[in-house]
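All values below come from the heavy atoms of this structure, side chains included, with hydrogens, waters and symmetry mates left out. Every chain is numbered from 1, with letters handed out A, B, ... down the list of sequences.
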Amino acid sequence: KTATSGGEDEIKIGAIFSASGGAAPLGKPEMETVKMLVEQWNKQGGIDGKKIKLIAYDDKSNQNEAVLSTKKLIEQDKVTAIIGGTISGNSLAMIPLIEKAGIPYISLAASKQIVNPSDGSSRHWTFKTAQGDNIVIQKLLGFLKEKGWTNVAWLNVANAYGTSGHEEFVHYAPEYGVKAVIEEEFEATVDDAKAMLTKVKKANPQAIIVWGTAQESAVVTKNIRQLGIEAPIVESHGIGTKSFIDLAGEAANGVWFPAGRILVADQLPDSDPQKETLLKYKEQFEKAYGYAPTTFGGHAWDAFHLLVNAIKEGGADQEKIRSALENTRKFIGISGVFHMSKDDHTGLDADSLVMVQIQDGKFVLAEQ
Amino acid sequence: MLVLRNVHVYHGHLHVLKGVSLQVDEGKIVTVVGANGAGKSTLLGTIAGVYAPTEGEILFEHKPLPYGKVEQIVEKGICLVPERRQIFDSLSVRDNLLLGAYRRHRRDGQEVKRDYERVLELFPKLQTMLDRPGGLLSGGEQQMLAIARGLMARPKLLLLDEPSLGLAPLVVKEVMGMLTQLCDQFQTAMILVEQNVRAALQTADEAYVLERGSIVVHGKAAELLADERVAEAYLGAAGRR
Amino acid sequence: MEAWSQFVQLLFSGLTVGSIYALVALGFVITYSVTGILNLAQGDFAMLGALFCITLVNNGVPFAAAIGLSMLAVMVVGGLFERLAIQPARRSPVAVLIIITIGASFVFRGIALLVWGTDPYALRPFTGHGALEVFGAVIQWQSVWAIVISLASFAALHLFFHRTYIGKAVAACVINPFAARLMGIDIRKMSLGAIAVSAGLGALAGIVIAPISGASYDMGMMIGLKAFIAAVVGGLTNAPAAIAGAFLVGLLESFAEGYLSSGYKEAISFGLLLLVLFFMPNGLFAKMTGKRV
Amino acid sequence: MSAVLLEVEQLSKSFGGVQAVQNVSFHVKKEEIVAVIGPNGAGKTTLFNMISGIIPPTSGLVRFQGAMVSGKQPHELAMLGMTRTFQNLQLFSDMTVLENVMVGFHSRLKSGILSAGFRLPRTVKEERQAQKQAFSCLEQVGLAHLACKRAGTLPYGMQRLVEIARAAVSRPSLILLDEPMAGLNPQESKQLVDVLLAMREQGFTFLFVEHDMETVMAIADRIVVLDYGKKIAEGAPEEIARHPDVIKAYLGEEAV
Amino acid sequence: MEHGQRMTDGRKRWLLLVGAAVWLGLPWLVFGNNYVLSTLILIGLYALVSTGMTLLMGYAGQISLGQAAFYGIGAYASAYLTAHAGWPSWLALAAGAVLAALVALVVGIPVFRLREHYLALATLGFGVIMFTFFKEWKEITGGLNGFFGIPPIRIAGVPLQSDLQFYYLVSLFVLAGLWFAHNIVRSRVGRALRAIHGSEVAASSLGVNIMKYKLQIFMLSAVYASIAGSLYAHYVTFINPDLFGIVPSIYFLIMVVIGGTASVWGGLIGAAVYVCLGEWLKAVVPLLLPNAGGEFEIVFFGLLLVVMLIYMPNGLTGVMQKRMRRFLEMGGRQEKQIAAVEGHKARSIGGERG
Ligand SMILES: Nc1ncnc2c1ncn2[C@@H]1O[C@H](COP(=O)(O)OP(=O)(O)OP(=O)(O)O)[C@@H](O)[C@H]1O
Ligand SMILES: Nc1ncnc2c1ncn2[C@@H]1O[C@H](COP(=O)(O)OP(=O)(O)OP(=O)(O)O)[C@@H](O)[C@H]1O
Ligand SMILES: CC(C)C[C@H](N)C(=O)O
Ligand SMILES: [Mg+2]
Ligand SMILES: [Mg+2]
């Protein structure tokens, strides 16, 4: 099956990001990354001489918009493949349409459900580049076990990202001998979490896990220290942007979190296979947009290159592109080194993550 | 002091005032009577700036009024006591009265206080309910409040739209008497629109009869009171009882 | 003893949050009691105030001057909003006016997104990072500032509304605009003034909260919503009641979160609030309204 | 003819400190026209509000057509056959005059939300009937030519007439009128008097409040006088006109 | 009078027929473009919700800031009953509608004792509470992760899977909904509702049971929303609580206001304008400002909303009604006068007493 229309000399790639709305801090760098890459590739002559035509929509962090835009990409723009879906909810809403239409699709969101749905529905065409929360949680639990912090407090933000992280935590924690002495939720719009934290203080955990993205996590982190709780804080990969450090100030010091290597690219040993790729992306992105790249932009970088490689192999034939994606081996990306297979449409394992600690306002690679 | 020449007013497409001319002299009471829908309220509203005429001119103290600009017209000393009372429901009776003198507070605070006392003497009923929200008063009490509030503005020209509406007979008599007195004492000119035609004609110096937007009769109030045609059309057959 | 310190902590958490809601709620009340409009863009004034102030401070403007300047700037924005969006629509039905304010809020938010991007920003506390300790509970100085500022603004407004005749005239505008005009009250000027002042208060709220929770282009929505709740609970025309409402909402949230479930916090605090309303359908702080049936 | 339609017993109402109505008792017989008069603030409107169920009495009873009705809701009373007009007009100002009057016919119709939504034949028939009735009622008060006008744009006096037509269209057994003549000039009130008298002939009963003594004297069979919430007199018009207390409190020396 | 009415009805019927023909023919006009079809489907679903709200707001004068909750009740009822309990889709849709009506009844009894902004607050609170339930009742709703694998709706055992089939299904519901609403408006019930809007005391002293009608119309609007929600769930096959929170409720309110409450068509028109405006901006803004993201769309949407409402305070139907009236020659000259003075807002004064 091939894409029906579209000039012979261009390849249409569709993209959907949450460039505005609640998930904008994630979606904006994704969109910018992809735009930058398309420009670069086209300057160098495109893919096998064909220019890339990017058709990108902003779903405004809204599920309906995501569904409509997907329809539009499929029916009207007749794209060859789609990347995007910044947040899990939107990706999940897009998938049924994409599977029905039969178009290669790479999501940038984290939920495990995107590639391994619990209801067993088809994921023939769907891939993703963000480390699934199952992997992140395992990395985090391994770290806790190593440190001997087995009685912990679990706090997550009340949205799809937070609850999905929580589920994985509940699922894997026993395996690592970690126990939550208290589990709480906070709103993404929280201004003051002290009320909730008084309970945490009482529970007296060995470590506190805060699972959210930058702004709300910063408030919680600050409040933890303000209440005089001294326990170490471990957070999620959702805080991997400089603004977390600005917002949390002093309190950010000493916070640990698992993240992709991009945040600490320059601290990696030269032997690291990703180092070169990471530094190049970092340099290009900073030059283009004037701020440091995020792990989220990295997911988009990966998705774009995975797709480009598959198109090189499969041409305009969508089934061929798909199977090329599925047969990706040892692709060195920003989020990690990808090994796809029929059963694993993410292709990343816990090694794709490192533990990072914030020290004096900087991301520092923790000892392995 | 007030002169209307050939004033036309429309409500949408409805031609309500069709060339009304009228004159009010200093310190005189002029009454305008006429059937339902003749345009009496519209006439008062136009003078007060609520509606703007499409044609004709209105001169106040020899200068044209800023048509349709209610606040500026109030500033010039014209005050309308409107149809349906227009009390500030949730403000106390006291505040209602004081707001009547809104434009004067800055200039003559002391005098406002004196006027306040005087107005309450005129309506002793209100004295007993100064702290009650205006909207809770009975119909007639609200009417008293509306008139009293108008007086608080101490205007040069007072426009009264059916002031006797809903007032008990005894009170109507007092109010009418008070208007005459006010007129003598402070040289306040007035236009009085009334359905209680007899009372109006007894109080006023001059009278106009408005019919379907045009003035059809104009004369001394006393003469009209005696006029048989007017008696028949507007006073109702006297024999009823 | 520990239970006691938790209680005090929750109390202060509630008061801090409540004081922020209170400042924005005061804006709601002023706007509503002069123009009869529920201005759902009120929260965005807080956002603009916070972001302006942060930008100024980051560019080296002294803190106090930055606060004053950003309040002024937001007041100008409020004034423009009144002239361009509210004044031309004065005669529209209430629901339409509400939606106009929502439209304006989209515009504010969109512009803020363009200017400041999506990243949240931080502002340093007014007076150091220190904290007070009361019965084992910790209270940031910034929280004390928030509470004091909201109470002070309230006191100033209260004096204005109840001690001056302009205050009365302001109330008259919404109760009966037609009669207000007949009294010579310039309701357009009043409306402009009211919205500008509300905007200024909103800005102040944003500036006070920025050191506590950071500021970003989309913070207005949540603050606005909560303040709206507080203002309504207080009856919308009654400043002291709105303040009480704001603290009530803040405390309810804080205690629901601290003693019950944080996931259900919103539902619980709302549920309690509604329960009270059902038993007092005329509001928690009902006074004689001047409406007879 | 002489059956008692409405009975009011020891009715009282106080608002906080204000004793608006105190222990007022009287009755209205079928096809009678009874007037309630009294100085401003005497409690007349409050009395009407209690009788028509709009506010609950502090104490006392109201009996209508032999049944206890105090505590009933206004709409229940309307269904039983008691409607009213208001001192401060309560027209549905965004609806046309005809529609206003058709609302008055509400209590005579049955179709509910489902039969209306599916437009069952019964509904269609009812609608036609309502329209016809409303129109003929407007003809009776002489407003048929204004049927399509928006009620809010009518001059004050005519709005009063619309209210009366609206209250009368369902042919209730008792109509309460609160100052029906206010805003009408003498000639117009005379016309309305004729309409009311004609309606009485058709079997209507009226209880009304009015300050226009000419009207009161012309049509009332009986007059109840309130002052400071208390009934100070009751009787035929001639008696009342001579009653010294009434003259002192209400009419003034050179009364009608 | 009678004659005029009949003539009007004749013309109206004719107009309706043309409208229906266009509606049915639309899929061919757009060459079966599924994207356009899905936009139309979405318009239809929103139209259902906002038609219910138009009745509630325009005819009963009650603002609801929690309508999306009913939309959600329908969606989750259908999702759960078909996917987990194995019910046939139609039965699930009906059950959702009944459930929504019951919830509306239970909520309405206390809520409608409140007025004006208290009422708005209460509906908002209801919305928040329902949202919390959708979010936290994970066994039924799947929580914030969402609900997957909702089966398509079936007619006589055949699953409706193409957009075209769904388009006709939704159209049918919209037409039925409009017809029902239209009938209500011009009946005793509709008059009673408008009367309540005008003056509650007067309405009740003429025999209108205010509480009953408010509740009934609230329940009806809940049923409209619930049906739309059920259809949405089957159409998209994935739902999550964010679709049914406060923000969507506000969007529904925007649609109703854009459309105007002057006629039952307001809901449909508002939904259409709302969706089309969004789509149009998505296409146009990048042309004007090639490097801008969705943020510009929000700015423009807000601006257009403000400008539109300033110039059309009664919504689009308010403007169209005047044109229509002239076209339908309703009531002759007099009607024109009314239309002409309508702009002049005569404040109903003296509403303070009864
Ligand atoms: N706001 C308005 N919109 C449309 N028409 C109006 C408006 N106000 C008044 N009219 C019309 O203008 C005409 C004159 O009305 P106006 O109120 O001036 O009469 P009036 O003499 O005061 O009557 P009344 O004695 O009943 O108060 C009437 O036909 C009325 O229907
Ligand atoms: N809800 C209320 N709260 C407080 N006082 C009230 C209330 N309703 C009425 N009153 C007072 O009760 C008294 C009686 O009022 P009511 O309206 O019954 O008088 P009325 O006889 O109809 O007078 P009018 O002839 O002026 O219409 C008045 O003094 C009024 O101010
Ligand atoms: C960390 C992010 C890639 C996760 C994303 N926000 C999601 O909802 O899945
Ligand atoms: Mg008049
Ligand atoms: Mg009365």
Side-chain angles (χ1 to χ4, degrees), chain D residues 45 49 52-54 73-79 82-96 98-100 102-113 115-119 123 126-128 130-132 135 145-153 163 166-167 170 176 178, chain E residues 1-2 4-5 55 176-177 179-213 215-217 219-220 262 330-335 337-339 341-342 344-354:
Chain D
T45 300
N49 283 348
S52 58
I54 288 170
Q73 294 289 309
H75 65 90
E76 295 173 295
L77 288 166
M79 288 294 175
M82 180 200 299
T83 61
R84 63 170 294 179
T85 67
F86 298 86
Q87 181 174 8
N88 286 11
L89 290 174
Q90 299 282 322
L91 276 190
F92 311 125
S93 48
D94 286 333
M95 296 166 76
T96 65
L98 184 71
E99 285 171 325
N100 263 278
M102 281 168 82
V103 175
F105 207 65
H106 185 89
S107 56
R108 288 307 183 89
L109 304 177
K110 300 231 156 38
S111 59
I113 194 160
S115 76
F118 291 111
R119 203 146 184 88
T123 308
E126 276 191 3
E127 278 303 294
R128 229 170 263 150
Q131 202 168 355
K132 225 171 76 190
F135 203 73
H145 59 291
L146 297 176
C148 284
K149 273 207 137 192
R150 216 161 55 101
T153 66
E163 258 208 354
R166 189 177 71 178
S170 62
L176 310 182
D178 199 346
Chain E
M1 177 72 224
E2 285 265 296
Q5 191 73 42
L55 285 178
W179 177 73
F180 197 90
H182 179 68
N183 284 343
I184 287 198
V185 165
R186 55 186 189 140
S187 74
R188 165 185 191 250
V189 180
R191 266 194 316 275
L193 289 170
R194 290 164 63 202
I196 293 173
H197 203 359
S199 159
E200 292 201 358
V201 243
S204 77
S205 53
L206 294 168
V208 176
N209 185 341
I210 293 174
M211 194 66 185
K212 183 177 108 183
Y213 282 108
L215 274 178
Q216 282 188 348
I217 210 73
M219 288 165 73
L220 186 68
M330 203 171 116
R333 237 185 39 224
Q334 220 159 34
E335 200 55 32
Q337 285 174 351
I338 295 175
V341 296
E342 219 138 36
H344 185 104
K345 191 177 161 207
R347 253 182 79 87
S348 159
I349 303 124
E352 69 273 22
R353 285 198 58 180

Measure the acute angle between the ring planes of E/Phe180 and D/Phe118, then classify it against the limits of 30° and 60° as parallel, tilted or perpendicular.
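Rings of E/Phe180 and D/Phe118: perpendicular, as their planes differ by over 60°.
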
Closest-packed option against chain D by number of heavy-atom pairs under 4.5 Å, given E/Leu206, E/Ile184, E/Leu220, E/Val185
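The residue among E/Leu206, E/Ile184, E/Leu220, E/Val185 with the greatest pair count is E/Leu206.
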
Report the residue from D/Met82, D/Gln73, D/Arg84 that forms a side-chain contact (heavy atoms from CB on, under 4.5 Å) with E/Ser205.
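Passing option: D/Arg84.
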
Could you go step by step and tell me if D/Met95 and E/His197 meet the side-chain contact (heavy atoms from CB on, under 4.5 Å) rule?
CA-CA 10 Å; D/Met95 296 166 76; E/His197 203 359; over 6 Å; no

With a 4.5 angstrom heavy-atom cut-off, could you sort out which part of D/Ile113 is near chain E: side chain, backbone, both or neither?
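Both parts, heavy atoms under 4.5 Å.
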
Side chain / backbone / both / neither for D/Ser111 at chain E, heavy atoms under 4.5 Å:
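D/Ser111 touches chain E through backbone and side-chain heavy atoms alike.
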
Rounded distance [0.5 Å steps], OG in D/Ser115 versus CG in E/Asn183:
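Reported to 0.5 Å precision, the distance equals 10.0 Å.
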
For the CG atom of D/Leu98 and the CZ atom of E/Arg191, what is their distance to the nearest 0.5 Å?
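One gets 8.5 Å once the value is rounded to the nearest 0.5 Å.
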
D/Glu127 and E/Arg186: CA distance, side-chain angles, deciding distance, side-chain contact (heavy atoms from CB on, under 4.5 Å) verdict:
CA-CA 9 Å; D/Glu127 278 303 294; E/Arg186 55 186 189 140; 5.9 Å; no

Against chain E, work out which of D/Met79, D/Glu99, D/Glu76 has the most heavy-atom pairs shorter than 4.5 Å and name it.
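Most heavy-atom pairs within the cutoff with chain E belong to D/Glu99.
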
For E/Tyr213 together with D/His75, are the ring centres under 6.0 Å from each other?
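D/His75 vs E/Tyr213: aromatic centres not under 6.0 Å.
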
Please lay out, stage by stage, how E/Ser199 and D/Phe86 fare under the test side-chain contact (heavy atoms from CB on, under 4.5 Å).
CA-CA 11 Å; E/Ser199 159; D/Phe86 298 86; 5.9 Å; no

Indicate the atoms forming the closest heavy-atom contact of E/Ser204 with D/Ala78, along with that distance.
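Minimum heavy-atom contact is O-CB, 4.2 Å.
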
Of all heavy-atom pairs between E/Arg194 and D/Asp94, which one has the smallest distance, and what is that distance?
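E/Arg194 and D/Asp94 have their closest heavy atoms at NH2-O, 4.2 Å.
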
Measure distances from E/Ala203 to the heavy atoms of chain D and classify the residue's part below 4.5 Å as side chain, backbone, both or neither.
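The answer is both parts of E/Ala203.
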
